[in-house]
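See structure below.
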Amino acid sequence: MRTEQIADILDDMGSLLEIKGENPFKCRAYHNAADSLRGVVGDISALVADGSLTELPGIGASTFAKIAQLATSGHCTEFEALRREVPPGLLDLLRIPGMGAKRIKLLRESLGISGVADLKKAAEKGAIAGIKGFGAKTQAKILEGLEFLDKAGTRMLQSTALRLAEPILAAASEHPDVLRASICGSLRRRAETIGDLDILVSTDHPRRVLDDLADRSEVVSILAHGDTKLSVRLSEGAQCDIRAVTDEQFPFALSYFTGSKAHNIAMRKRAIALGLKLSEYGLVADDGTPTPCRDEAEIYKALGLEFVPPEMREDSGEFALAEAGKMPELIELKDLRGTFHCHTDYSDGANTLEQMAQAAMDRGWEYLGIADHSRSAAYAGGLSVEKLHKQWDEIDKLNASFGSKFRLFKGIECDILADGSMDYPDEILRRFDYVVASIHSSFGQDRAAQTARLIRAAENPYVTMLGHPTGRLLLARPGYDVDLEAVIHACARTGTMIEINASPYRLDLDTDGTRFARHCDVMISINPDAHSIAGLDDVYYGVGVARRAGLEPKDVLNVSGSKDILNLIKRKPPTL
DNA sequence: GCCGTTTTCGGCCCGACTGTTTTCAGTCG
């Protein structure tokens, strides 16, 4: 069983125990163990085999036994017993805003509710309002929450979150009473998908600011409105939490509301170990003496740490680095000098070669790699050999006109066919400056076949890099079943690079895959998969993934300038 | 259930907001 599945089961066990009414700290321990497990890069079977998994924080002998059973046999005796005891359908109720374990327990005991369908019936009948501790408002909220879950789903793409948050942030920043304003939460950490939006402001007049923001036209409904916290629903179902603090508190609140939760807990524990208390309002010694900090960096400094960039705040190894003064100098958007996976109107892109080149120059780039679809991708206007020649001629002409200031590279997004062979013969492939190899068909092959298929592609001497290596579409489609680590090992062995496909719909490689690729010394290319001029800017999201994975400029292909880049993309060593 | 630089027992992050109470429990982040 895969690590992620095991972590999910541990989370479910913790939640089922909560609903059962177990000691909350015992329940918490299951969630802690799940979080800890998710921090492991790659396969855990070796860590299970030699027992070293118990060295992870939060995993003791008892949890280890359960993980070991799950990892080796795929089932867990205690989990199965627990599911017989507590209806697993109750777990779905946790996703309803305002519903926690205690209320679910009460609903089960008083009305025999065992899942979403029961709850809906009871709420519609008006039976919820009669239970002690519940009332008419809670019942209405439950119905509203059920409806929301039904139509909205729970998470949104980072690009959606930015689009929704930016006008609110702008309004907050421009408000005359606001001193500082920032996005916080998972959007600031640049997580792959976003649950809700968090915005923090500092002001001496919190009520006035929150009242004004609550009145904005983007706000569809108000969920909570206090003196320092406003929680609203925006269009498209997104929830936005806005908090107001004083300017002295701002850095502490910024740190706190950026999270992650695991990172915050580790920060607080660290403060406690130093005889300090860290909260969203300040850093205070036991005798009440505050340690003022003007920004987040000063908070980290006060705790004996190097500044941790928001993207790395997941309690997945950043504290060891920050403590040792070895935080990576993370790659930044401005480090990119060009990019490699871009479509034009030769296949399914919206813009011409010349327009794309001009757009790249407008962004200060020195080169742009064109990679239209190959001939098998008929649905996307894949290029026949004849059309390839036409495109190459046009690129030659454009390059001649650019002189030394800019260069278009002749590439292709070449389909990896079902058997792992390429969509053009070698005599065509060799004529490209570089080749991005991607899967666009036969998604249903089993794990072994899909893995072998990608490895064969990596072994092709003309394949420069793999494109969107898992094929996933965020919130829409899981990737195909593939042993990504085996593929990354094959890339390391053959000198094949891998792209972070930076489209906000893909982010593929993901953070864990990128971290593993770096661990294996596989060069990463941050590619927008742009189908238009605007799509070029999606490299922003790819840089986010790279930063979350701890990548420095030296780990990324397209930080190299036009002088070196051709050698890098053509240098693939002969395969073994 | 996990954990230990005063601990192998007794803690485990903590404050805001809501709805239901009549002083507070539950949820959330």
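Predicted model only: the values in this text are computed from it and were never measured. Here is how names work: the chains are called A, B, and so on, in the same order as the sequence lines, proteins then strands, and each is numbered from 1.
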Restricting to non-hydrogen atoms, name the atom on A/Val48 and the atom on A/Ala71 that form the minimum distance, rounded to 0.1 Å. CG2-CB, 4.1 Å

Please assess A/Glu280 against A/Arg268 for the test salt bridge (Lys or Arg N to Asp or Glu O under 4.0 Å), listing each intermediate value before the final yes or no. CA-CA 10 Å; A/Glu280 58 266 53; A/Arg268 286 195 179 199; 3.3 Å; yes

Give the rounded distance in Å between these two atoms: [atom1] of [X] and [atom2] of [N].
{"X": "A/Phe25", "N": "B/dG10", "atom1": "CZ", "atom2": "C1'", "value": "10 Å"}
{"X": "A/Arg270", "N": "B/dC13", "atom1": "CZ", "atom2": "P", "value": "17 Å"}
{"X": "A/Phe64", "N": "B/dC3", "atom1": "CZ", "atom2": "P", "value": "13 Å"}
{"X": "A/Ile59", "N": "B/dC3", "atom1": "CD1", "atom2": "P", "value": "9 Å"}
{"X": "A/Arg28", "N": "B/dC13", "atom1": "CZ", "atom2": "P", "value": "9 Å"}
{"X": "A/Arg243", "N": "B/dC17", "atom1": "CZ", "atom2": "P", "value": "9 Å"}
{"X": "A/Asp196", "N": "B/dC28", "atom1": "CG", "atom2": "P", "value": "11 Å"}
{"X": "A/Gln139", "N": "B/dG26", "atom1": "CD", "atom2": "C1'", "value": "18 Å"}

Shortest side-chain distance from [X], nucleotide among [options]:
{"X": "A/Lys229", "options": "B/dC13, B/dG1, B/dC17", "result": "B/dC17"}
{"X": "A/Asn23", "options": "B/dC13, B/dG29, B/dG1", "result": "B/dG1"}
{"X": "A/Thr228", "options": "B/dG26, B/dC17, B/dG1", "result": "B/dC17"}
{"X": "A/Lys141", "options": "B/dT18, B/dC13, B/dT20", "result": "B/dT18"}
{"X": "A/Lys26", "options": "B/dG26, B/dG1, B/dC14", "result": "B/dG1"}
{"X": "A/Asp241", "options": "B/dT27, B/dC14, B/dG29", "result": "B/dG29"}
{"X": "A/Thr63", "options": "B/dT18, B/dG1, B/dA16", "result": "B/dG1"}
{"X": "A/Lys66", "options": "B/dT27, B/dC14, B/dG1", "result": "B/dG1"}

Counting distance alone, no hydrogens or angles: does the base of B/dG29 have a donor or acceptor under 3.5 Å from a partner atom on the side chain of A/Tyr256? yes

Sugar-phosphate only, base, or nothing, as touched by [X] at under 4.0 Å among non-hydrogen atoms:
{"X": "A/Ala101", "result": "sugar-phosphate"}
{"X": "A/Pro57", "result": "sugar-phosphate"}
{"X": "A/Ile272", "result": "nothing"}
{"X": "A/Leu56", "result": "sugar-phosphate"}
{"X": "A/Leu94", "result": "nothing"}

Using the [atom1] atom as the reference point in each nucleotide, state the distance between [N] and [M] in Å, no decimals.
{"N": "B/dT21", "M": "B/dC17", "atom1": "C1'", "value": "15 Å"}
{"N": "B/dC28", "M": "B/dT23", "atom1": "P", "value": "26 Å"}
{"N": "B/dT20", "M": "B/dC13", "atom1": "P", "value": "30 Å"}

Measuring to OP1 and OP2 of [N], would you say a side-chain N or O of [X] lies under 4.0 angstrom away?
{"X": "A/Tyr281", "N": "B/dC14", "answer": "no"}
{"X": "A/Lys277", "N": "B/dG15", "answer": "yes"}
{"X": "A/Thr138", "N": "B/dT20", "answer": "yes"}

Is any side-chain heavy atom of A/Asn32 less than 4.5 Å from a side-chain heavy atom of A/Ile265? no

Please confirm whether A/Arg188 makes a cation-pi placement over A/Phe257, using NZ or CZ under 6.0 Å from the six-membered ring centre and within 45° of the ring normal. no

How should the glycosidic conformation of B/dT7 be described, syn or anti, under the criterion that syn lies within 90° of 0? syn

Comparing nearest nucleotides in DNA chain B, the 5'-proximal residue of the pair A/Ile265, A/Leu223 is A/Ile265

Judged by nearest nucleotide, the residue sitting upstream toward the 5' end of DNA chain B, A/Lys137 or A/Met99, is A/Lys137

Answer yes or no: is there an ion pair linking [X] with [Y], defined by an N-O contact shorter than 4.0 Å?
{"X": "A/Asp241", "Y": "A/Lys229", "value": "no"}
{"X": "A/Arg233", "Y": "A/Glu144", "value": "no"}
{"X": "A/Arg548", "Y": "A/Glu314", "value": "yes"}

